[in-house]
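Owing to the predicted nature of the structure, the values given are computational and were not obtained by experimental measurement.
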Amino acid sequence: MIKKLLFYGILLLCNKLMAQENVQKLILKTHVFPDGVALRWTPSNAYLWRQWSKNGFRVERYKIAIQNKATEASEAVCIGGQSILPYDSIQWQTLAQSKPKSILIQSCLGNRNRRIVNKADYLQNREEEEQCYLFSMLAMQSDFDLNLAAGLGIMDKEIQSGTTYLYKIYPINSIEKDTQYIIVNTDEPNQLPIISTFNAKLSEQHIQLEWQSSDYSSDYFAYKLERSMDSGKTYVELNETPLVPNISMNPSTTKIDYYTDSVSKYSQLILYRIRGISYFGQLSLPSKADSIIIYPTTKAFPQFVEARSTDSIKVNIHWQFDSLQSQFIKGFYITECDSTEGTFDKIDSNIIEPNQRSISINTHKNTCYFKVNAITFNETYNSSLPALMQRVDSFPPAIPTIYKVTVDSLGIVLLQWHKSHSSDVMAYKVYRGNFINEEFTCITSYYLNDTFISDTLFTRMIRDSVHYKVTAIDHHYNESSYSITMGIAVPNAIPPAPPVIHQITYTNKVVLIKWYPSNSRPIIRYDLTRINVNTASKKVIQINSTDTIYIDTTVIAGNTYAYTMQAINIKNLLSISAKAYEIKIPSNNIMPMVEISKTFNDSANNTLLFYWSYPYHEDVKYYRIVQKLSNGRTETIGQTAENNSFYTYYYLKPYTMTNYFIIAYFKDGRRSLF
């Protein structure tokens, strides 16, 4: 018995694995009612629907267990006859002739053998079939009786309680094959889940209802929204027709659906809830109601009158606000910031009364910006323009102290100083002079917030020293006295600036080095130093000063090389070495072939999707997709933007056989076989 159940479990597992490997063509839904088992299935595209509707489907039932005990092997029982086909014209007359149903009738009974003369006829016929397929599938989702009429569903009432059945569904005598299996226990009727992800949010003057439809896609195809204005005593439907969510192309993607309800009454409790509509026309129990209250808002804004300091701590703030609009706000609160562009922070968490128009606050800041904010019952904020508060201050800040001045061989000076001891310092100014007794020149065209600055000296400076002073500036733009003067000797000989290597690549068994030239003049040559990391051997190559490219053809496969450069000027002064770059020369220039692991042919959209895996994926720069032509030549059809492992080809010609290959191009210049 255990082996029997194990066999059916393996059968279902194999069916699921095949559906994952090859795109599932037949989509199956089932529901266990107290009096029977309902089955409905859907072809995944219009082409399959047309093909499978010719000979119909067969549904076979196997009894596999009674009271959870495996039974002996039972013969297949055909449910609904040997072939389940769409209704004929007489049977269709019993159904109402609404527009969706009429489209379904035309799709089931109409002439599908239209003569195709040219490409235009083919495209028109395919477009019409796609439209009929989409409209028909939508109609059948909301009406299980239409599934029965279209030959895409069955109700099995010849079942026994306490019995477990295996159902097998497949198209009859069709080139396109797909078989689906499902195990059903008649003692376990399906229970529709209650939607738990539903909530209502206020969006300006509208209410936005949202729920996570992706969590219930296997249970519901549409939804009904309900609203109560009497604290939940009665509910009315918001949507006359069921809300059908948009279908996501990725089933694993979390999807949220929305519905917007307009505000009908203010200051009143409103309750919302949602129900799901199953694929068999059942309506679920309502979700937990979510409540919301919308209050009227105001467009009135506070207007600042003044923010005046009376002493070193206290500031009196006054503002105006329309008294008729006070009933629409909870009150006011004050925010402050050091600038108009920064973030304004609350001074006090307590809300000021709606009829109050002034307040005194404490702050130690000499300069500050304030805003008055009116807060509404909907937690929106109407803010005034920022107002500046400045205390009277004519005292300069404390003098900063220079503690270090250095200069390198390129004439780059680094000047550093200690912060001023004053708490209201806003910035610093730096002054420079060639003579200690001359008038110094300000070299900062902006207010400097840091306590250091970099200065560049002229390389042909006549004087052999330079002197610096620093001052501090507070928030009232009072400037301190000069700091103590600090001098520095200018280097007698300044070597040139080094070149900058910006590209080293290996391709076609050679190394290509590119660099930006030295910005010093005049340069007579460059010395390119190559070090073999494997053997520690060194080679110096002299290069013309006008060149910016060098090709090294003497590299050996499997070795690692480090390259650096120096510039030599007309005085034979040598620059510092440029940043060194290492490059590893691959042992083999050709890498193994890329194997295509899976392809998916979307015949409806004439696209072909390639998937592959490659053990050297991390070193690949990009992949190139090529096809082999009938004359034996190859042609590139696309290239991945990055090192992706998939590619979609959008220009597939129908009814053609073509060989495709993937070529990997590596970051170090190698490529794979194909």
H617 and Y623: CA distance, side-chain angles, deciding distance, side-chain contact (heavy atoms from CB on, under 4.5 Å) verdict = CA-CA 10 Å; H617 181 73; Y623 294 91; 2.8 Å; yes
Exercise: identify the closest heavy-atom pair between L28 and R40 = CD1-O, 3.5 Å
query = Where is the tightest heavy-atom contact between I194 and P286, given as atom of each residue plus distance?
reply = CG2-O, 3.5 Å
query = Using the benzene-type ring in the case of Trp, are the ring centres of Y381 and Y333 under 6.0 Å apart?
reply = yes
ask   = CD1 of I64 to OG1 of T164: how many Å apart, nearest 0.5 Å?
value = 6.0 Å
Distance-only polar pair, side chains of Y170 and E60, donor-acceptor under 3.5 Å = yes
ask   = Between N147 and Y279, does any side-chain donor sit less than 3.5 Å from a side-chain acceptor?
value = no
message = Under a 3.5 Å distance rule, please check whether R61 uses its side chain to pair with a backbone N or O of E158 as donor and acceptor.
response = yes
ask   = Checking N239 side chain against L225 main chain: does a donor-acceptor pair fall under 3.5 Å?
value = yes
query = Are I359 and I352 close enough, and set up right, to give a side-chain contact (heavy atoms from CB on, under 4.5 Å), and what steps lead you there?
reply = CA-CA 9 Å; I359 192 174; I352 304 170; 3.7 Å; yes
query = Nearest heavy-atom pair of L324 and F328: which atoms, and what distance?
reply = O-CE1, 4.4 Å
message = Could you check whether any side-chain heavy atom of R273 comes within less than 4.5 Å of a side-chain heavy atom of Y235, counting everything from C-beta outward?
response = yes
query = Can you find a heavy atom in the side chain of D348 that is under 4.5 Å from one in the side chain of I361?
reply = no
request  = Please confirm whether the backbone N or O of Q208 pairs with a side-chain atom of T260, one donor and one acceptor, at under 3.5 Å?
outcome  = no
ask   = So, D178 side chain and L26 main chain: donor-acceptor pair closer than 3.5 Å or not?
value = yes
query = Between the main-chain N or O of K63 and the side-chain N or O of T71, is there a donor-acceptor pair closer than 3.5 Å?
reply = yes
note = One should read off an interatomic distance between T163 OG1 and N68 CG, to the nearest 0.5 angstrom, of 10.0 Å
ask   = Is the count of non-hydrogen atoms from other residues, nucleotides or ligands lying under 6.0 Å from K201 atom NZ greater than 12?
value = no
key: Side-chain (S83) to main-chain (R58) donor-acceptor, under 3.5 angstrom   = no
Ring centers of Y216, W211 separated by less than 6.0 Å = no
query = Do T179 and I169 have side chains that get closer than 4.5 Å, going by heavy atoms?
reply = no
request  = Please round to the nearest 0.5 Å and tell me the distance separating atom CG of L192 and atom CG of L285.
outcome  = 8.0 Å
query = Judged by modelled atom types alone, do S174 and W52 share a side-chain donor-acceptor pair under 3.5 Å?
reply = yes
remark   = In terms of heavy-atom contacts, L209 and A200 come closest through CD2-CB, 3.5 Å
task = For the pair F280 and F33, name the ring-plane relationship: parallel under 30°, tilted 30 to 60°, perpendicular over 60°.
result = perpendicular
Under 3.5 Å side-chain donor-acceptor pair for Q325 and T298 = yes
key: Distance in Å, I596 CD1 paired with S613 OG, rounded so as to fall on 0.5 Å steps   = 11.0 Å
key: is_close_aromatic(F321, F332), centroid dist under 6.0 Å   = yes
Side-chain heavy-atom pair R227, L271 within 4.5 angstrom cut-off = no
inquiry  = side-chain contact (heavy atoms from CB on, under 4.5 Å), that's the test. Do S284 and Y220 meet it? Break it down for me.
reply    = CA-CA 9 Å; S284 73; Y220 305 124; 3.1 Å; yes
task = Can you see which heavy atom on Q320 is nearest to which on V305, and at what distance?
result = CG-CG2, 3.7 Å
key: Minimum side-chain heavy-atom gap L609-D602 below 4.5 Å   = no
pair T42-L152: side-chain heavy atoms closer than 4.5 Å = no
key: Residue pair I277 / K224: nearest heavy atoms and the distance that separates them   = CD1-CG, 3.8 Å
query = Do I154 and W41 come within less than 4.5 Å of each other through their side chains, counting heavy atoms only?
reply = yes
query = Atom CD1 of I172 and atom NZ of K54: how far apart are they, to the nearest 0.5 Å?
reply = 14.5 Å
inquiry  = When you measure from the side chain of S228 to the backbone of T234, do you find a donor-acceptor pair of N or O atoms at a distance under 3.5 Å?
reply    = yes
message = Ring-plane angle category for Y611 and F646, please: parallel below 30°, perpendicular beyond 60°, tilted otherwise.
response = tilted
message = If you count heavy atoms of other groups shown closer than 6.0 angstrom to CD of E353, is the number above 12?
response = no
query = Tell me, do Y369 and D338 make a side-chain contact under 4.5 Å, heavy atoms counted?
reply = no
task = Measure from the side-chain N and O atoms of T335 to the backbone N and O of F344, and report whether any donor-acceptor pair falls under 3.5 Å.
result = no
ask   = Under 3.5 Å, is there a donor-acceptor pair between the side chain of Q67 and the main chain of K69?
value = no
task = Tell me, with the steps shown, if I625 and Q639 meet side-chain contact (heavy atoms from CB on, under 4.5 Å).
result = CA-CA 6 Å; I625 297 84; Q639 178 176 309; 5.7 Å; no
ask   = Just one of D261, N199, D290 clears the side chain to side chain donor-acceptor pair (under 3.5 Å) bar with Y272, so which one?
value = D261
task = Determine, step by step, whether Y165 and D156 satisfy the side chain to side chain donor-acceptor pair (under 3.5 Å) criterion, reporting the C-alpha distance in whole Å, the side-chain angles of both residues, the deciding distance to 0.1 Å, and the verdict.
result = CA-CA 11 Å; Y165 296 101; D156 184 13; over 6 Å; no
ask   = Are the side chain of N382 and the backbone of A300 linked by a donor-acceptor contact shorter than 3.5 Å?
value = yes
ask   = Rounded to the nearest 0.5 Å, what separation is found between the OG atom of S323 and the CZ atom of R357?
value = 7.0 Å
